[in-house]
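Okay, so here's the structure we're looking at.
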Amino acid sequence: MQKTIIGQAIVLGDNIDTDQIYPGRYLELVDPKEIGRHCLAGVDPEIAPNFKPGDIVVAGKNFGCGSSREHAAIALINMGASLVLAESFARIFFRNAINLGLPLVICPGISQKVKAGQTLEVDLEQGTVKIQETGEILAGEKLGEQAAKILAAGGIKPLFRAKMGVKE
Amino acid sequence: MHAIEKILAKASGKDRVTTGEIVNAKVDFAEINDLYLQTVYSFREMGGKKVWDPDRVAFVFDHYAPAPTIKSAKIHQEMRAFARENNLTYHFDINCGVCHQVMPERGLIYPGMIIVATDSHTTTHGAFGAFGTGVGATDMATVLISGELWFRVPEIIEVRIEGTPPKGVYPKDVILHILGQIKADGAVYKAIDFTGSYVEQLDVAGRMTICNMAVEMGAKTAYMQPNQKVLDYVAKRAVRPFEVQYTDDDFAYSESYVFDVSALSPQVAVPHSVDHVRPLETVEKVRVDQGFIGSCTGGREEDIAVAAQILKGKKLPPYVRLVVIPASTEVMQVCLEKGYLQTLIEAGATLSTPGCGPCLGAHEGVLAPGEVCITASNRNFPGRMGSTEAEIYLASPATVAASVLNGYLTDPRTLL
Ligand code: SF4
């Protein structure tokens with residue numbers, strides 16, 4: 001797992017649900033690249049086409065609430081998001097993202113502190129976020145042990161493949 | 001320990017578990033709906049060959065039943081092939097209904113079990129004293145391979161509901177009211193145990209409606225101690241012997257809320273959030289274009305019956321639609337026998353195949369920009385039922401029926 005992630009922020013509000021991250025009308029798509037193109041279409045269809053790979057999604061409370069659709073995490077990954085920082089995450093989304101190897105950091109107050117376009121330097125191990133423009137450092141939460149283990153393996157699939165003795 | 005903790009402890013071969021602990025628990029049943037072909041792909045990517053137990057896995061085709069597009073038809077096709085290959089004992093194709101209704105009807109849900117499904121509303125099964133939780137496709141694939149899943153033992157919140165609501169006020173109003181107070185993130189990662197005199201006497205349908213919407217507060221799972229009505233329901237249906245778990249007297253909840261519903265009035269969640277809940281009488285006169293009675297929240301016999309009662313002998317006004325979708329084929333048959341569906345069709349309703357229908361905007365009654373829908377389903381997020389510029393109001397089936405009858409949001413108590 002990459003320990004430090006640097007990227008520019010896009011900033012979203014509270015309760016961004018999975019219908020906004022990935023609207024139901026696209027659920028029948030199966031190609032991950034195509035899925036990525038509709039990421040956050042329920043917030044603004046212009047986000048995905050303008051998203052630079054490696055950028056960071058910042059959001060308020062309860063990010064990923066709503067349905068269990070894994071497409072939400074698949075879409076974020078394939079849009080190129082390197083990380084999601086939010087004040088809190090909904091549970092199923094949290095598991096889905098970690099399972100697929102998308103790092104998440106819970107960081108209280110983040111959506112008020114960070115402005116769109118600022119560059120963030122995130123230490124995944126410590127859970128800290130540095131806003132490069134201002135030098136301010138925000139203290140997020142460290143990942144739980146189970147989540148950290150899955151993420152370190154690059155997601156649940158490599159972990160399970162190893163368990164099942166599947167050769168790459 | 002709490003009943004939920006006892007379920008988790010038993011499934012993970014432990015005498016006791018404590019909050020925050022990570023356990024590996026055996027899953028009693030795993031259900032995959034037709035949005036989750038990804039489960040099959042993840043299963044194969046991880047080296048899965050056969051599912052761990054063909055008696056304990058089923059597909060339910062509900063979100064795209066019957067298939068509205070070639071892409072969704074192909075999803076069904078690939079899932080059917082997987083079901084055949086794995087000799088699955090149960091398979092619920094397009095002729096069955098919404099997963100959370102179909103599984104209890106077919107006896108696959110019973111007290112004390114762990115049910116995981118690729119759907120957030122799996123909390124519904126707390127109505128039966130089961131531990132139900134939603135998972136994504138990849139978590140589900142690990143279950144299909146191993147029969148187990150890791151869980152964090154959750155904090156448990158008590159939501160005590162006392163009293164008997166007045167006439168015209170239904171379980172949907174009760175849960176909307178609670179949601180409006182606890183809010184959409186009030187129970188994230190936690191379990192909710194619904195207790196109190198209201199819950200103790202509540203019928204199976206009402207219990208399912210309330211536990212269904214627990215996830216709208218972020219809950220991982222919901223629980224209600226089974227009452228006689230639940231035990232009678234499962235006694236006729238359960239495919240396996242089961243053991244009801246009970247919470248110890250000395251169990252301490254992480255938080256407790258108390259609600260008295262004796263004076264509650266009909267409630268609505270106004271656009272665009274499930275927790276923007278207001279008493280109906282405080283909402284201005286809102287025009288409605290479409291009503292929807294259906295889904296795993298509001299498509300049961302009781303829901304369709306009350307709509308039929310309100311609309312009997314009446315006619316919808318011009319340009320107002322009512323889409324009625326029984327939650328399952330069993331529900332549809334009962335409603336046919338009792339004449340509810342004929343009544344609704346005569347009043348001008350549109351009937352569609354049991355399944356999710358427009359609940360998640362995939363087909364059968366989606367909304368155009370600027371349209372207003374009053375619905376017995378569970379989510380009013382922007383774009384949930386079609387256009388992001390449509391407005392969705394959540395209410396009880398009675399409020400839906402009363403509102404389409406007048407063409408604007410209407411208190412059902414004026415018509416009962
Ligand atoms: S009826 Fe609606 S909420 Fe229920 S499973 Fe179907 S789409 Fe989900």
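Naming: A, B, ... by sequence-line order, numbering from 1 per chain.
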Can you sort out the partners of Lys52(A) under salt bridge (charged side-chain N to carboxylate O under 4.0 Å, His left out), two or more places apart, ordered by chain and number? Asp55(A)

Please classify the contact of [X] with chain B as side chain, backbone, both or neither, using a heavy-atom distance under 4.5 Å.
{"X": "Leu159(A)", "value": "neither"}
{"X": "Phe93(A)", "value": "neither"}
{"X": "Lys157(A)", "value": "both"}

Say you draw a straight line from [atom1] of [X] to [atom2] of [Y]; how long is it, rounded to the nearest 0.5 Å?
{"X": "Leu360(B)", "Y": "Ser67(A)", "atom1": "CG", "atom2": "OG", "value": "7.5 Å"}
{"X": "Gln20(A)", "Y": "His272(B)", "atom1": "CD", "atom2": "NE2", "value": "9.5 Å"}
{"X": "Phe94(A)", "Y": "Arg152(B)", "atom1": "CZ", "atom2": "CZ", "value": "10.5 Å"}

Chain B interface, residue from Lys61(A), His71(A), Glu145(A) that has the most non-hydrogen pairs under 4.5 Å: Lys61(A)

Residue selection (most heavy-atom pairs with chain B, distance under 4.5 Å) from Ile74(A), Ile92(A), Asp14(A): Ile92(A)

Side chain, backbone, both or neither of [X] within contact of chain A (heavy atoms, under 4.5 Å):
{"X": "Val188(B)", "result": "side chain"}
{"X": "Arg379(B)", "result": "side chain"}
{"X": "Leu35(B)", "result": "both"}
{"X": "Ile75(B)", "result": "side chain"}

Max heavy-atom pair count under 4.5 Å with chain A, selected residue of [options]:
{"options": "Val366(B), Leu37(B), Asn378(B), Thr133(B)", "result": "Thr133(B)"}
{"options": "Asp34(B), Val135(B), Thr39(B)", "result": "Val135(B)"}
{"options": "Met46(B), Lys71(B), Gln38(B)", "result": "Met46(B)"}
{"options": "Ile22(B), Thr142(B), Thr388(B)", "result": "Thr142(B)"}
{"options": "Pro382(B), Ala362(B), Gly218(B)", "result": "Pro382(B)"}
{"options": "Ser273(B), Ala219(B), Ala184(B)", "result": "Ala184(B)"}

Without hydrogens or angle criteria, can the side chains of Arg69(A) and Ser120(B) be said to hold a donor-acceptor pair below 3.5 Å? no

Regarding Asp139(B) and Asn99(A), do their side chains bring together a donor and an acceptor under 3.5 Å, going by distance alone? yes

Donor-acceptor pairs are to be reported for all side-chain atoms of residues 27-49 of chain A against protein atoms at under 3.5 Å, with residues two or more places apart or in another chain.
residue  : atom : partner  : partner atom : Å
Glu28(A) : OE1  : Thr69(B) : OG1          : 2.4
Lys33(A) : NZ   : Asn78(A) : OD1          : 3.2
Asp44(A) : OD1  : Glu46(A) : N            : 2.9

Would you check if [X] and [Y] make a side-chain contact, meaning some heavy-atom pair closer than 4.5 Å?
{"X": "Asn62(A)", "Y": "Lys183(B)", "answer": "no"}
{"X": "Arg161(A)", "Y": "Glu45(B)", "answer": "yes"}
{"X": "Asn96(A)", "Y": "Thr138(B)", "answer": "no"}
{"X": "Ser88(A)", "Y": "Tyr189(B)", "answer": "no"}
{"X": "Ile150(A)", "Y": "Trp150(B)", "answer": "yes"}
{"X": "Tyr36(B)", "Y": "Ser68(A)", "answer": "yes"}
{"X": "Gln146(A)", "Y": "Phe151(B)", "answer": "no"}

Do the side chain of Arg25(A) and the main chain of Met385(B) share a donor and acceptor less than 3.5 angstrom apart? no

Least distance between heavy atoms, Met164(A) atom then Gly47(B) atom: CE-O, 3.5 Å

Check against side chain to side chain contact (heavy atoms under 4.5 Å, CB included), Ser42(B) and Phe160(A): CA-CA 10 Å; Ser42(B) 295; Phe160(A) 241 74; over 6 Å; no

